[in-house]
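Data block below; observations after.
Reminder, nothing fancy here: chain letters follow the sequence lines and each chain counts from 1.
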There are 2 protein chains.
Amino acid sequence: MSSHLTCFLEIDSQSDFTIHNLPYGIFSETPQGTKRVGVAIGDWVIDLAHLEAHGLLTINGHQDCFNQATLNKFIETGKHNWQKVRTALQSLLSAENPTLRDDVVLRQNALFKQNTVTLHLPIQVSGYTDFYSSKEHATNVGTMFRDPKNALLPNWSELPVGYNGRASSVIVSGKDIVRPSGQIKLPDQERPVFSATRKLDFELETAFIVGKATELGEPIAITDAWEHIFGMVLLNDWSARDIQQWEYVPLGPFNAKTFASAISPWVVTMQALEPFKVKGPEQQPKPLCYLEENIANSYDIHLSIEVQSPQSAQADVICQTNFKYMYWSMAQQLTHHTIAGCNVQVGDLMGSGTISGPTEDAYGSLLELTWNTTKPLTLSNGEKRGFLQDGDRVVMKGYCEKAGIRVGFGEVANSILPARHSA
Amino acid sequence: MSSHLTCFLEIDSQSDFTIHNLPYGIFSETPQGTKRVGVAIGDWVIDLAHLEAHGLLTINGHQDCFNQATLNKFIETGKHNWQKVRTALQSLLSAENPTLRDDVVLRQNALFKQNTVTLHLPIQVSGYTDFYSSKEHATNVGTMFRDPKNALLPNWSELPVGYNGRASSVIVSGKDIVRPSGQIKLPDQERPVFSATRKLDFELETAFIVGKATELGEPIAITDAWEHIFGMVLLNDWSARDIQQWEYVPLGPFNAKTFASAISPWVVTMQALEPFKVKGPEQQPKPLCYLEENIANSYDIHLSIEVQSPQSAQADVICQTNFKYMYWSMAQQLTHHTIAGCNVQVGDLMGSGTISGPTEDAYGSLLELTWNTTKPLTLSNGEKRGFLQDGDRVVMKGYCEKAGIRVGFGEVANSILPARHSA
Ligand SMILES: [Ca+2]
Ligand SMILES: [Ca+2]
Ligand SMILES: [Mg+2]
Ligand SMILES: [Mg+2]
Ligand code: NI
């Protein structure tokens with residue numbers, strides 16, 4: 001990475017959005033205003049459409065890359081241009097460059113305070129896949145619902161298990177979650193009942209965004225897979241455990257997961273994450289040849305979950321974990337996804353699966369944190385939680401930090417509204 | 001329905017594409033030519049973009065509905081306009097109307113022989129869901145792979161089980177299928193091997209196309225569900241049974257299904273299918289209130305599968321079944337899909353699930369027809385088939401017929417290419 005860069009804007013040392021980060025998002029000045037591409041820097045958003053219109057940010061052979069309602073067009077211009085734009089922005093924002101620093105009018109028109117703008121879903125999500133790649137999470141779930149002695153199914157250690165999610169229900173941080181209703185099978189009744197979920201849960205995940213498409217029938221080699229990844233976001237894969245338990249055999253989760261999957265608004269690029277690469281866990285058994293990868297293929301990303309009750313003045317941190325615990329890498333996930341011939345598209349979102357760490361305070365879902373309500377959490381105001389209650393607000397955060405350089409994800413935060421159909 | 005209409009074009013009595021049908025598709029005059037909306041009539045395609053340009057087909061408040069690469073824009077104009085365009089086309093094509101009949105130049109420019117044009121994927125598939133709604137199919141699969149005494153899982157009779165498929169891999173009839181490779185677990189080996197599938201199969205299905213979108217958090221009431229359905233196609237949900245068996249627990253089928261899902265090029269509208277409505281099977285137990293429907297909610301659609309070996313001069317019909325055997329209706333599927341809050345989009349494709357009838361020659365997959373290779377089929381040239389071999393061509397057809405009026409789907413046909421990665 002480049003050495004420490006300094007921005008001409010004043011940026012808090014604890015800001016997620018340093019000049020080393022420069023994550024992409026979609027913003028508008030008013031809720032219904034024109035959407036365009038912005039980059040977060042400190043407390044500001046810099047308007048890339050404005051810079052493009054002033055000739056300060058051009059991509060050869062492509063016009064109007066930033067005057068767009070999603071990042072897809074910019075991403076489609078290719079990795080070479082992602083790098084060029086990043087370099088150009090770092091230069092424009094650096095303390096040494098007078099172009100933007102000394103142009104009061106340009107600064108006024110191109111920089112907006114983040115807390116005054118509306119942030120939108122950053123990508124048009126072409127397809128949404130969710131993996132299941134945390135060994136700790138899969139083991140916990142298997143222990144609770146199947147057999148503690150054989151918690152991990154035999155296929156789990158051989159391939160990154162995943163399933164197709166519902167792309168249409170991917171939403172951006174901030175949107176409220178309506179408590180879903182559906183069929184629930186109570187243990188003491190012969191038939192299911194129609195009810196609002198009693199087991200509303202979150203899943204702490206990250207997700208990567210595909211940056212380069214492939215054709216049907218053309219698998220991505222493991223050595224090429226990283227070239228297809230544009231960046232990462234935080235993902236809260238909202239889940240209704242009781243609906244899930246009744247519906248998921250034999251074809252997998254459906255309505256339990258399709259009412260909302262929320263992502264953070266800022267897409268952190270793989271280039272910004274590069275300095276935080278680490279080795280992933282040892283893989284035993286050694287994966288089949290097509291999945292074999294002998295490089296640092298994970299990232300040291302600190303992750304946390306906060307829950308705030310409507311009765312409480314403060315949010316409580318209930319989980320701290322790290323992306324580096326993930327067993328399967330993003331390259332392995334993507335390669336496996338395409339090995340039978342499935343094509344991928346720019347804008348595909350691929351979730352990690354719930355990221356649980358080795359200790360009980362590092363579990364990424366309430367299902368695990370409360371061990372399916374048998375060990376309820378106590379919030380700082382004394383309230384107990386098995387699963388989530390109406391009005392609860394869930395905030396997930398993530399950041400990398402090394403040698404004084406911080407690159408963060410911001411947050412994905414949603415509050416829960418009561419069910420539309422009551423039980 | 002309107003009484004028998006007569007078209008000024010000569011139409012074979014066994015044609016799927018009578019004036020009572022008028023299915024929509026996307027065609028181009030050459031493989032790389034301009035795509036636009038066409039309607040099949042007899043052996044011809046009528047070019048709706050051309051009619052629109054000549055002012056013969058207008059939709060109030062909408063321009064360029066037919067000069068489009070997909071049907072989505074036309075579908076989005078709403079049900080009222082689907083009906084108006086249908087009526088206008090029946091009038092333009094009728095033997096009594098001179099407008100098109102007597103205009104030699106217009107006929108020359110607006111009518112193309114189907115066998116000279118290229119047909120494309122008719123819709124931009126926003127999301128793809130596949131249900132599992134044939135009781136016979138679910139029972140057969142449960143008998144083979146789980147427990148013959150409890151073949152049907154308890155949730156099956158309570159809700160239309162379904163899962164999210166992979167929209168990007170939906171293809172149109174005619175495209176070749178590359179035999180997929182992946183992980184296969186052989187019974188005599190401890191670990192899986194990487195191999196081309198040895199159990200390549202088809203699934204005979206239909207699918208409906210969503211014509212009216214909803215917002216997240218707003219379920220579709222069962223009484224409104226039919227209003228959200230534009231039309232139907234044939235679907236071959238290509239499947240790799242050995243890959244499926246190893247991967248599918250606990251999150252459902254993934255790579256076994258994402259290498260190709262093929263649909264027929266002509267979308268038959270619900271209006272054209274109206275005369276062929278029938279009651280579905282009795283539902284026992286009576287569905288929960290939100291799924292209750294007391295109307296004729298099924299369709300009498302004759303379906304068949306043909307397989308042709310590359311060594312054979314003829315295709316053999318290996319299955320004849322009917323859509324009317326489906327246990328759950330399309331309205332029930334759609335309502336259930338949204339009951340927890342999932343939104344739907346115009347262009348969503350929703351597969352029925354494999355349509356198996358009550359008799360052994362009415363099973364909709366080779367898995368069932370050959371009872372997982374234990375009862376191989378004998379083709380007319382003497383060859384045997386457990387699952388499909390390279391070079392095999394699979395053709396699925398469907399049609400309705402009543403009182404001398406025929407409304408057909410045409411076909412979905414694909415041939416199998418050898419695996420790219422051999423075992
Ligand atoms: Ca998940
Ligand atoms: Ca299927
Ligand atoms: Mg979801
Ligand atoms: Mg498929
Ligand atoms: Ni300006």
Side-chain angles (χ1 to χ4, degrees), chain A residues 126-130 132 146 153-155 158-159 161-169 171 175 178 180-183 185 191-194 197 216-219 240 243 246-256 258-260 285 288-290 336-337 339-345 348 420-421, chain B residues 126-130 132 146 153-155 158-159 161-169 171 175 178 180-183 185 191-194 197 216-219 240 243 246-256 258-260 285 288-290 336-337 339-345 348 420-421:
Chain A
S126 314
Y128 167 41
T129 300
D130 199 20
Y132 187 60
R146 283 181 297 268
L153 289 164
N155 60 9
E158 296 286 358
L159 57 86
V161 171
Y163 68 103
N164 298 300
R166 175 79 190 173
S168 75
S169 62
I171 57 172
K175 198 168 155 64
V178 178
S181 297
Q183 290 196 21
K185 180 69 170 54
R191 293 194 58 195
V193 297
F194 181 80
T197 178
L216 200 67
E218 295 184 0
I243 294 174
W246 172 237
E247 76 177 358
Y248 91 103
V249 178
L251 299 183
F254 188 53
N255 281 345
T258 58
F259 60 93
L288 294 191
C289 196
Y290 79 96
H336 181 70
H337 200 314
I339 192 64
C342 185
N343 56 334
V344 297
Q345 298 175 312
D348 282 345
R420 207 157 284 211
H421 297 249
Chain B
S126 315
Y128 166 42
T129 300
D130 199 21
Y132 186 59
R146 285 181 297 268
L153 289 163
N155 60 8
E158 296 286 359
L159 58 84
V161 170
Y163 68 102
N164 299 299
R166 174 80 190 172
S168 75
S169 61
I171 57 172
K175 200 168 151 63
V178 177
S181 297
Q183 289 196 21
K185 179 71 168 55
R191 293 192 59 195
V193 295
F194 180 80
T197 179
L216 201 66
E218 295 183 2
I243 294 175
W246 172 237
E247 77 177 358
Y248 91 103
V249 178
L251 300 182
F254 188 53
N255 281 346
T258 58
F259 60 94
L288 294 191
C289 197
Y290 79 95
H336 181 70
H337 200 314
I339 191 65
C342 184
N343 57 333
V344 297
Q345 299 174 310
D348 282 346
R420 208 158 286 212
H421 296 250

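- When each of A/Pro253, A/Ser126, A/Gly182 is checked for heavy-atom pairs under 4.5 Å with chain B, A/Pro253 comes out on top.
- When each of A/Pro180, A/Cys342, A/Gly341 is scored by its heavy-atom pairs under 4.5 Å with chain B, the top score falls to A/Cys342.
- Rounding to the nearest 0.5 Å gives a distance of 11.0 Å between OH of A/Tyr248 and CG of B/Leu153.
- For the atom pair CG (B/Asp348) and OH (B/Tyr128), the distance works out to 12.5 Å, reported to the nearest 0.5 Å.
- Relative ring orientation between A/His337 and B/Phe254 is described as perpendicular, the plane-to-plane angle rising above 60° on a 0-90° scale split at 30° and 60°.
- With a threshold of 4.5 angstrom between heavy atoms, A/Val344 approaches chain B through its backbone and through its side chain.
- Across A/Arg191, A/His336, A/Gln345, A/Glu218, the residue that shares the most heavy-atom pairs under 4.5 angstrom with chain B is A/Arg191.
- Interface remark: of the candidates A/Gly127, A/Ala256, A/Pro154, A/Pro154 forms the most heavy-atom pairs closer than 4.5 Å to chain B.
- Considering all non-hydrogen atoms of both residues, B/Ile171 and B/Ala260 come closest at CD1-CB, 3.9 Å.
- Side-chain contact between B/Arg420 and B/Ser181 is absent, with no heavy atoms from C-beta onward closer than 4.5 Å.
- Proximity to chain B is limited to the side chain of A/Lys175, based on heavy atoms less than 4.5 angstrom apart.
- Contacts of A/Thr129 with chain B are made by side-chain atoms alone, with heavy-atom separations under 4.5 Å and no backbone atom involved.
- Counting only heavy atoms from C-beta outward, the side chains of B/Pro192 and B/Trp246 approach each other to under 4.5 Å.
- Interface remark: B/Leu288 contributes backbone and side-chain atoms alike to the contact with chain A (heavy atom separation under 4.5 Å).
- The backbone N or O of A/Ile243 lies less than 3.5 Å from no partner atom in the side chain of A/Asn255, so there is not a single donor-acceptor pair.
- Of the listed residues (A/Val249, A/Asn343, A/Asp130), the one with the most heavy-atom contacts under 4.5 Å to chain B is A/Asn343.
- Listed options B/Ala167, B/Ala240, B/Pro250 were ranked by heavy-atom pairs under 4.5 angstrom with chain A; first place goes to B/Pro250.
- With a 4.5 angstrom heavy-atom cutoff, A/Leu216 touches chain B only via side-chain atoms.
- Separating the CG atom in B/Leu251 from the CG atom in A/Asn164 is a distance of 11.0 Å, to the nearest 0.5 Å.
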